[in-house]
Asker: 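Could you have a look at this structure, given as structure tokens, before my questions?
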There are 2 protein chains.
Amino acid sequence: MRPPQGWEEIRAEVLRRIDRRDWRPGATIPTEEQLAAEFGCARATVSRALRELAGAGVLERRRKAGTRVATHPVRKATLDIPVIRLEVEGRGQAYGFRLIDRATAVPPPAVAARLGLAPGQRLDRFRTLHLADGRPTALEDRWLNLAVLPEPPPADVSLNEWLVKTVAYTYGDISFSAEAATPDEALLLETPAGAALFITERTTWAGEAPITSVRLAHAPGYRLRTVV
Amino acid sequence: MRPPQGWEEIRAEVLRRIDRRDWRPGATIPTEEQLAAEFGCARATVSRALRELAGAGVLERRRKAGTRVATHPVRKATLDIPVIRLEVEGRGQAYGFRLIDRATAVPPPAVAARLGLAPGQRLDRFRTLHLADGRPTALEDRWLNLAVLPEPPPADVSLNEWLVKTVAYTYGDISFSAEAATPDEALLLETPAGAALFITERTTWAGEAPITSVRLAHAPGYRLRTVV
DNA sequence: TTTGATAATATGTCTGCACATAATAACCCC
DNA sequence: GGGGTTATTATGTGCAGACATATTATCAAA
């Protein structure tokens, strides 16, 4: 039996031993040094494999105490969150969007709190309907802090696409929830009022300055997946 | 200005340069070797920092082509998905659960397909209501393949907790969606019929054998967060 | 002009070593 | 025994060097 070579094969071998219950949940597995000796590789290579598995929540590691198989599956799933256009095009549909309205206003308290704004400060609000093959797929409600942008956005291109190419991206916060469609949302998304909508909310900073807070209401049927 | 030391400081420095638009979206940043020379460290240390950022979707790396700042923010957010008991206790509430019913039956086609079962194969179904401070917080609908378990589950402890301690965990699939509460679900979760519920679905294999498929319907107000 | 072989190059990975750090175990003294 | 100090130990991080590999650029032949 050829020993695993390369950190990916070692990771697979460790997973296999957990699957086969050689190493049970809660049990301590051999030290990096022992595994390196068994597999005939350097400790750093074993370390890399175990670190990845710890990052995925499969193992728990502590100095001196060693490495053990995780008992409580606080899984760390990794999500891909693409921009809507790519998501639509990835399904083989034609993407489009329509600007519903645009205004300058004081954002609701929840948004102001998320962005860390002084009360009463005004922001620009854009509401955009995203279309897949002409049918609405998501309603975007974006509050944008134009004051901190390095240059004013052009009027002729998608605000989204301009933003991602222009301002830096260090998402501070993403959250997901389910909400019933308001009459307004239902109308725009062409769905019955009260339908269950999947909501994505993102708040973005560039360094210290809050840039934008977006709420995406996805049309019914939307599903967010992770693959491990 | 002291140069960053350690891969975490280097990661922070790279992020800062992106934030400050020194390196703009789409632009190629210096090579690992150049950065290592600038920061006065080994290439491996820079490599570690850049690899982490690429894993988070901030950078895109290709051999020979180099490293560039990601343009389309296919962000890779990392989610923590704890077991419900820990989630409830983490909020400082008292956890409890109640087994609603248990049966052996042929699962609906969607579940059978997810698990890759032959049509007509029977599984065990457990429905459990999870409680926080006595109030329902989530409804669990679990289909379990008892045949592949190494030993039959005991009757006196929580099936969940026994499962995670006994069988290996290699989640194959997790998905999130929003659905309207059925009358049955609404009754159990003490919420109006048709309320928007946040749904988590997980399917688990141990090696080749499908173990279990779980559908969790969270009571209204549930929110899944990521921290970057 | 196109095609195909070849060279150049940046990242990907590995090794072997060293030291830092956190957490446990061992010990000693009262 | 109890409590506090010290030693031990496994992981975490770092470095320098080497080779592997994917991809691009270059250049010659058809």
Side-chain angles (χ1 to χ4, degrees), chain A residues 2-15 17-18 22-72 74 76 78, chain B residues 2-15 17-18 22-72 74 76 78:
Chain A
R2 183 173 65 77
Q5 48 192 2
W7 70 269
E8 289 181 294
E9 284 188 33
I10 291 178
R11 180 183 58 182
E13 171 65 18
V14 170
L15 268 181
R17 292 187 184 183
I18 295 174
D22 297 341
W23 298 334
R24 308 204 174 184
T28 304
I29 76 173
T31 69
E32 294 185 346
E33 217 155 355
Q34 291 169 326
L35 288 175
E38 181 191 339
F39 297 146
C41 68
R43 183 169 77 92
T45 308
V46 174
S47 193
R48 172 79 188 272
L50 299 186
R51 194 203 315 140
E52 299 277 330
L53 288 172
V58 176
L59 298 176
E60 286 168 359
R61 325 192 67 198
R62 266 164 53 218
R63 284 172 177 168
K64 164 76 179 173
T67 302
R68 49 183 57 208
V69 181
T71 313
H72 294 304
V74 179
K76 281 144 185 155
T78 308
Chain B
R2 181 174 66 76
Q5 49 191 1
W7 69 268
E8 289 181 288
E9 284 189 33
I10 291 178
R11 180 184 57 182
E13 172 63 20
V14 171
L15 269 181
R17 292 187 184 182
I18 296 174
D22 297 339
W23 298 334
R24 307 203 175 185
T28 303
I29 75 173
T31 68
E32 294 185 345
E33 217 155 357
Q34 291 169 326
L35 288 175
E38 182 193 338
F39 297 146
C41 68
R43 183 170 78 93
T45 307
V46 173
S47 192
R48 172 79 186 270
L50 299 186
R51 194 202 315 142
E52 300 274 331
L53 287 172
V58 176
L59 298 175
E60 287 168 358
R61 324 192 69 199
R62 265 166 54 221
R63 284 175 179 169
K64 164 78 180 176
T67 303
R68 47 183 57 206
V69 181
T71 314
H72 294 305
V74 180
K76 282 143 185 156
T78 306

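Quick note on labels: first sequence line is chain A, next is B, and so on, each numbered from 1.
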Asker: Mind calculating the distance between CD1 (B/Ile10) and P (D/dT13) to the nearest angstrom?
Answerer: 13 Å
Asker: To the nearest Å, how far apart are B/Gln5 CD and D/dT13 C1'?
Answerer: 12 Å
Asker: What is the distance, rounded to the nearest whole Å, between atom CZ of A/Arg61 and atom P of C/dT21?
Answerer: 18 Å
Asker: Map A/Cys41 and A/Lys64 onto DNA chain C by nearest heavy atom, then report which one ends up closer to the 5' terminus.
Answerer: A/Cys41
Asker: Should A/Ile29 and A/Leu50 be marked as a side-chain contact (heavy atoms from CB on, under 4.5 Å) after you check the CA-CA gap, both sets of side-chain angles, and the distance that decides it?
Answerer: CA-CA 11 Å; A/Ile29 76 173; A/Leu50 299 186; 4.2 Å; yes
Asker: If you assign each of B/Arg63 and A/Ile29 to its closest nucleotide in DNA chain D, which residue comes earlier from the 5' end?
Answerer: A/Ile29
Asker: Measure the shortest side-chain to side-chain distance between A/Thr67 and A/Leu53 over non-hydrogen atoms and say whether it is less than 4.5 angstrom.
Answerer: no
Asker: Would you kindly give the CD-to-P distance between B/Gln34 and C/dA10, to the nearest whole Å?
Answerer: 7 Å
Asker: Can a side chain N or O of B/Arg43 be found less than 4.0 Å away from OP1 or OP2 on D/dA16?
Answerer: no
Asker: Check the distance between C/dA25's P and A/Arg62's CZ and give it to me in whole angstrom.
Answerer: 10 Å
Asker: So, does A/Thr45 get its side chain near the phosphate of C/dT13, meaning an N or O under 4.0 Å from OP1 or OP2?
Answerer: no
Asker: How many whole angstroms separate atom CZ of A/Arg68 from atom C1' of D/dT11?
Answerer: 14 Å
Asker: With a 4.5 Å heavy-atom cut-off, do A/Val14 and A/Val46 have their side chains touching?
Answerer: no
Asker: Please tell me which of the listed nucleotides, D/dG14, C/dT15, C/dC14, lies nearest to the side chain of A/Trp7?
Answerer: C/dC14
Asker: Give B/Arg48 one of three labels, base, sugar-phosphate or nothing, depending on what nucleic acid heavy atoms sit under 4.0 Å from its own.
Answerer: sugar-phosphate
Asker: Could you tell me the separation between the CD atom of B/Glu32 and the P atom of D/dG17, rounded to a whole number of Å?
Answerer: 16 Å
Asker: Rounded to whole Å, how long is the line connecting atom CD of B/Glu60 with atom P of C/dG12?
Answerer: 12 Å
Asker: Answer yes or no: does a side-chain N or O of B/Thr31 lie under 4.0 Å from OP1 or OP2 of C/dT9?
Answerer: no
Asker: When you match A/Arg51 and A/Gly66 each to their closest nucleotide on DNA chain D, which lands nearer the 5' end?
Answerer: A/Gly66
Asker: For A/Thr31, does its backbone N or O pair with a side-chain atom of A/Gln34 as donor and acceptor, under 3.5 Å?
Answerer: yes
Asker: For the side chain of B/Ala42, starting at C-beta, report the closest nucleotide among D/dG12, C/dT11, D/dC15.
Answerer: D/dC15
Asker: Would you indicate whether the side-chain heavy atoms of B/Arg61 and B/Glu32 approach each other to under 4.5 Å?
Answerer: yes
